[in-house]
Enquirer: 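Just dropping this structure here.
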Amino acid sequence: MRVIGLMSGTSYDGIEAAAAGLTLAGDALVMRPMGALSLPYPDGLRERIAAVLPPAATTTEEVCRLDAEIGHAFAGAAGRAIAELCGGAADLVVSHGQTVYHWVDGGVVRGTLQLGQPAWIAEATGLPVVSDLRSRDVAAGGQGAPLVSMLDTLLLRAREGVPAALNLGGIANVTVVPSERDPVAFDTGPANALLDAAVRHFSGGARDYDEDGRGAAAGQVNRGLLAALLDDPYYRRPAPKSTGKEHFHLPYLLEALAGHPVPSPDDVLATLTRLTAVTVADACRAHGVTELVVSGGGARNPAMMRMIGEELPSVPLLASDDLGVPSAAKEALAFAVLGFLTVHGLPGQVPSCTGARRGTPLGSLTPGRAPLRLPAPADAAPRTLRVITE
């Protein structure tokens, strides 16, 4: 089955589209990556998404408009992926959409909202679309995140020691896959969320992120600010747990800076980068991680990777590319996998990773133009992932 995965993360800088050929073979899921595209949002749409994110107020009219316009953008991305990556023919589109709110109350996730109406994708491509993948996990008592833990678990299960996968997006999340225990996954805290907010603030909107970690590399860590940020109760909560920009946003940072002024913007960036490194390392040490496989936008930030290496000097750092999964496309490929499992009647989450009461198929299905014909339900869920790269 040729599956298109679509994803826009908490940095909301555009749409990642990835294609893969997916089949079940015994206890293995076989994945053949077919390429990926990174597509910016149309002019003005990114700014409008930013304008509705917490703690900002919005209206139901704007939510409705964004749901449609993000759906249009995802439909365009799906069409390009089908044409450019799949030779014009695919079987299924899986759309994560754009998260605009993740409702966490006392550590319990009560709801989650992703915009990007799937009807536009189905109408534009003629293909069935699996969407809204997080809500079913939340309904089953889970955190709705990190859903990439399913791909991580399949990918790392056969490796020795205590391997873990780290994704450095707006929020950092880790999946730990010990050979003798159930896997565990959770959001460790901010990766690019506070960094990006700081860069936009200090540059007056002229820049969106700390390119190549240059600002952080030029600055010095402010220990007082770092200690204040590390005092956040979130870091002391047990896993599974999840967070987002509802918590880690610009007003949060400005409040911390009010109590611990730091005159140099580069010093702020260095401190925020070290915050990510420390919280990732603390999570890895707590679970005895012996190998860390890294992906996401932060993996391309040399300052962030250097600091993580300094905090975990005895833990080898690998790129997910080394295991056959392109780092830049990993989350889009993960959602392609989840949709593939859904249409085969298989669970898309690992309960020990999200906290769900049981494994369930994820998402809602929007039919395409042709009569909807689902594959025969699979007899058993896969236990490992085999990646074919040639």
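Atoms considered below: every heavy atom in the structure, side chains included; atoms not considered: hydrogens, waters and symmetry mates.
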Enquirer: Should we count CG of D379 as having more than 12 external heavy atoms under 6.0 Å?
Expert: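 12 or below, so no.
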
Enquirer: Run the salt bridge (charged side-chain N to carboxylate O under 4.0 Å, His left out) check on R46 and D208 step by step: do they pass?
Expert: CA-CA 11 Å; R46 187 171 191 267; D208 289 323; 3.6 Å; yes

Enquirer: Kindly write out the residues that satisfy salt bridge (charged side-chain N to carboxylate O under 4.0 Å, His left out) with E84, not counting sequence neighbours, or none if the list is empty.
Expert: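 E84 satisfies salt bridge (charged side-chain N to carboxylate O under 4.0 Å, His left out) with R80 once adjacent residues are dropped.
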
Enquirer: Please step through side-chain contact (heavy atoms from CB on, under 4.5 Å) for the pair L318 and V294, ending with a clear verdict.
Expert: CA-CA 6 Å; L318 289 73; V294 188; over 6 Å; no

Enquirer: Counting only heavy atoms from other residues, nucleotides and ligands, does the tally under 6.0 Å from CZ of R236 exceed 12?
Expert: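 Buried by this count: over 12 neighbours within 6.0 Å.
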
Enquirer: Could you label the plane-to-plane angle of the Y252 and H249 rings as parallel, tilted or perpendicular, counting under 30° as parallel and over 60° as perpendicular?
Expert: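 The arrangement is perpendicular - the two ring planes meet at more than 60°.
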
Enquirer: Got a sec, which hydrophobics cluster with V30, joining ILVMFWY side chains under 4.5 Å apart, including via others?
Expert: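 Taking Ile, Leu, Val, Met, Phe, Trp and Tyr as members, V30 shares its hydrophobic cluster with I388.
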
Enquirer: Rounded to the nearest 0.5 Å, how far apart are CG of L253 and CG of L229?
Expert: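 L253 atom CG to L229 atom CG measures 7.0 Å (nearest 0.5 Å).
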
Enquirer: Using only atom types and a distance under 3.5 Å, with no angle test, would you say the side chain of R2 pairs donor to acceptor with the backbone of A20?
Expert: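 No; zero donor-acceptor contacts below 3.5 Å.
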
Enquirer: What is the minimum heavy-atom distance between V148 and A334, and which atoms define it?
Expert: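 Looking at all heavy atoms of both residues, the closest pair is CG2-CB, 3.7 Å.
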
Enquirer: Taking ILVMFWY side chains as joined if any heavy atoms are under 4.5 angstrom apart, and letting links pass through other members, which residues group with V108?
Expert: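 Traced through the cluster, V108 reaches no other member.
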
Enquirer: How many angstroms lie between OG1 in T354 and CZ in R136, if you round to the nearest 0.5 Å?
Expert: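 Between atom OG1 of T354 and atom CZ of R136 there are 12.0 Å.
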
Enquirer: Would you mind reporting whether Q349 and M150 have side-chain heavy atoms less than 4.5 Å apart?
Expert: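 Heavy-atom side-chain distance check fails, nothing below 4.5 Å.
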
Enquirer: Side chains of T279 and D282: any donor to acceptor distance under 3.5 Å?
Expert: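 Not at all, the side chains of D282 and T279 share no donor-acceptor pair under 3.5 Å.
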
Enquirer: Taking ILVMFWY side chains as joined if any heavy atoms are under 4.5 angstrom apart, and letting links pass through other members, which residues group with M307?
Expert: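 M307 shares its hydrophobic cluster with no other residue.
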
Enquirer: Counting C-beta onward and ignoring hydrogens, is there a side-chain heavy-atom pair between P55 and P251 closer than 4.5 Å?
Expert: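 Yes, close enough: below the 4.5 Å cut-off.
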
Enquirer: Can a side-chain donor-acceptor contact be found between S8 and Q98 if the only test is distance below 3.5 angstrom?
Expert: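 A donor-acceptor contact under 3.5 Å links the two side chains.
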
Enquirer: Look up atom OG in S131 and atom CG in L133, then write down how far apart they are to the nearest 0.5 Å.
Expert: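 Reported value, rounded in 0.5 Å steps: 7.0 Å.
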
Enquirer: Please check this pair: side chain of K241 against backbone of G107, looking for a donor-acceptor N/O pair closer than 3.5 Å.
Expert: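 No, K241 side chain to G107 backbone: no donor-acceptor pair under 3.5 Å.
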
Enquirer: In chain order, what residues pass the side-chain contact (heavy atoms from CB on, under 4.5 Å) check against A206, with sequence neighbours excluded?
Expert: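 Here the qualifying residues are S203.
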
Enquirer: Apply side-chain contact (heavy atoms from CB on, under 4.5 Å) to D322 and V293, showing your working.
Expert: CA-CA 9 Å; D322 297 331; V293 181; over 6 Å; no

Enquirer: Do L333 and L37 share a hydrophobic cluster, counting only Ile, Leu, Val, Met, Phe, Trp and Tyr and linking them when any side-chain heavy atoms are less than 4.5 Å apart?
Expert: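 Different clusters.
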
Enquirer: At their closest point, which heavy atom of P351 faces which heavy atom of G359, and how far apart are they?
Expert: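 Minimum heavy-atom contact is CG-N, 3.4 Å.
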
Enquirer: Would you name the heavy atoms of D137 and G144 that are closest together and state the gap between them?
Expert: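 Between these two residues, the closest heavy atoms are OD2-N, 2.7 Å.
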
Enquirer: Can you tell if the side chain of L29 reaches within under 4.5 Å of the side chain of L24, non-hydrogen atoms only?
Expert: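 Heavy-atom side-chain distance check passes, below 4.5 Å.
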
Enquirer: side-chain contact (heavy atoms from CB on, under 4.5 Å) with E62: which residues, sequence neighbours excluded?
Expert: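 Testing E62 for side-chain contact (heavy atoms from CB on, under 4.5 Å), a comparison that skips the adjacent residues, returns R48, V52, T58, T59, R65, L66.
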
Enquirer: Looking only at side chains, do E47 and Y41 share a donor and an acceptor under 3.5 Å apart?
Expert: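 E47 vs Y41: no donor-acceptor pair found between side chains.
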
Enquirer: A quick test of your reading: do over 12 heavy atoms of other residues, nucleotides or ligands sit less than 6.0 Å from CD of Q220?
Expert: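 At most 12 heavy atoms, drawn from other residues, nucleotides or ligands, come within 6.0 Å of this atom.
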
Enquirer: Not counting sequence neighbours, which residues clear side-chain hydrogen bond (donor to acceptor under 3.5 Å, both in side chains) with T366? List them please.
Expert: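 Counting only residues at least two positions away or on another chain, T366 forms no side-chain hydrogen bond (donor to acceptor under 3.5 Å, both in side chains).
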
Enquirer: Look up atom NE2 in H102 and atom CD in Q143, then write down how far apart they are to the nearest 0.5 Å.
Expert: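 Taking NE2 in H102 and CD in Q143, the distance rounds to 6.0 Å.
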
Enquirer: If you link ILVMFWY side chains whenever their heavy atoms are less than 4.5 Å apart, which other residues fall into the same cluster as V109? By chain and number, please.
Expert: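 V109 clusters with V104, V138.
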
Enquirer: Give the intermediate values and the outcome of salt bridge (charged side-chain N to carboxylate O under 4.0 Å, His left out) for residues E211 and R207.
Expert: CA-CA 9 Å; E211 186 173 1; R207 294 185 292 124; over 6 Å; no

Enquirer: Within the side chain of S320, is there an N or O that forms a donor-acceptor pair under 3.5 Å with the backbone of V325?
Expert: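 Yes; judged by distance alone, with no hydrogens or angles, the pair exists.
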
Enquirer: Does N192 reach the side chain of M304, with side-chain heavy atoms less than 4.5 Å apart?
Expert: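 With C-beta onward as the side chain, the pair touches.
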
Enquirer: Backbone N or O of G363 within a donor-acceptor pair of the D132 side chain at under 3.5 Å?
Expert: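 Checked: no pair found.
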
Enquirer: Would E291 and R159 count as a side-chain contact (heavy atoms from CB on, under 4.5 Å) here? Give the steps.
Expert: CA-CA 9 Å; E291 175 185 70; R159 297 185 70 81; 2.8 Å; yes

Enquirer: Once rounded to the nearest 0.5 Å, what's the spacing between atom CZ of R237 and atom OG of S242?
Expert: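 The distance works out to 9.0 Å.
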
Enquirer: Provide the closest heavy-atom pair for I82 versus A89 in the form atom of the first, atom of the second, distance.
Expert: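 It is CG2-N, 3.8 Å.
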
Enquirer: For residues 198-228, which residue pairs qualify under ring pair (Phe, Tyr, Trp, His ring centres under 6.0 Å), counting only residues two or more places apart or in two chains?
Expert: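 Output for this query is empty, none listed.
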
Enquirer: For a 4.5 angstrom cut-off between non-hydrogen side-chain atoms, does N301 reach D212?
Expert: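 No. Closest side-chain heavy atoms not under 4.5 Å.
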
Enquirer: Where is the tightest heavy-atom contact between P128 and L372, given as atom of each residue plus distance?
Expert: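 The answer is CB-CD1, 4.0 Å.
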
Enquirer: List for me each residue that meets side-chain contact (heavy atoms from CB on, under 4.5 Å) alongside P40, sequence neighbours excluded, and say none if there are none.
Expert: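 side-chain contact (heavy atoms from CB on, under 4.5 Å) list for P40, sorted by chain: empty.
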
Enquirer: Would you be so kind as to tabulate the donor-acceptor pairs closer than 3.5 Å made by side chains of residues 167-187, with sequence neighbours excluded?
Expert:
residue, atom, partner, partner atom, Å
N167, OD1, S295, OG, 3.3
T175, OG1, D152, OD2, 2.8
D187, OD2, T243, N, 3.0

Enquirer: In the structure I gave you, are the side-chain heavy atoms of R200 and L250 within less than 4.5 Å of one another anywhere?
Expert: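 In short, these two side chains do not touch, never coming nearer than 4.5 Å.
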
Enquirer: Is there a side-chain contact between V343 and M1, using heavy atoms and a 4.5 Å cut-off?
Expert: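 Touching, per the 4.5 Å side-chain cut-off.
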
Enquirer: Please check: side-chain N/O of T276 versus main-chain N/O of P190, any donor-acceptor pairing under 3.5 Å?
Expert: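 At least one qualifying donor-acceptor pair exists.
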
Enquirer: Any donor and acceptor pair, going by atom type alone, linking the side chain of D266 with main-chain N or O of G219 inside 3.5 Å?
Expert: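 The answer is no, because no donor-acceptor pair under 3.5 Å joins these two groups.
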
Enquirer: Between H96 and R134, is any pair of side-chain heavy atoms under 4.5 Å apart?
Expert: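 Yes, side chains in contact.
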
Enquirer: Do M7 and I15 belong together in a cluster built from hydrophobic side chains that touch within less than 4.5 Å?
Expert: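 Different clusters: M7 never reaches I15 through Ile, Leu, Val, Met, Phe, Trp or Tyr contacts under 4.5 Å.
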
Enquirer: Verify side-chain contact (heavy atoms from CB on, under 4.5 Å) between L292 and L312, making sure each step is shown before the conclusion.
Expert: CA-CA 10 Å; L292 194 58; L312 292 170; 4.1 Å; yes

Enquirer: What pair of heavy atoms forms the shortest contact from G35 to L85, and how long is it?
Expert: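 Between these two residues, the closest heavy atoms are O-CD1, 3.4 Å.
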
Enquirer: Restricting to side-chain contact (heavy atoms from CB on, under 4.5 Å), what partner residues turn up for A78, sequence neighbours left out?
Expert: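 Scan of A78 (side-chain contact (heavy atoms from CB on, under 4.5 Å), adjacent residues dropped) gives L6, V93, I121, T125.
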
Enquirer: Distance check, rounded to the nearest 0.5 Å: L226 atom CG versus N222 atom CG?
Expert: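 L226 atom CG to N222 atom CG measures 8.5 Å (nearest 0.5 Å).
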
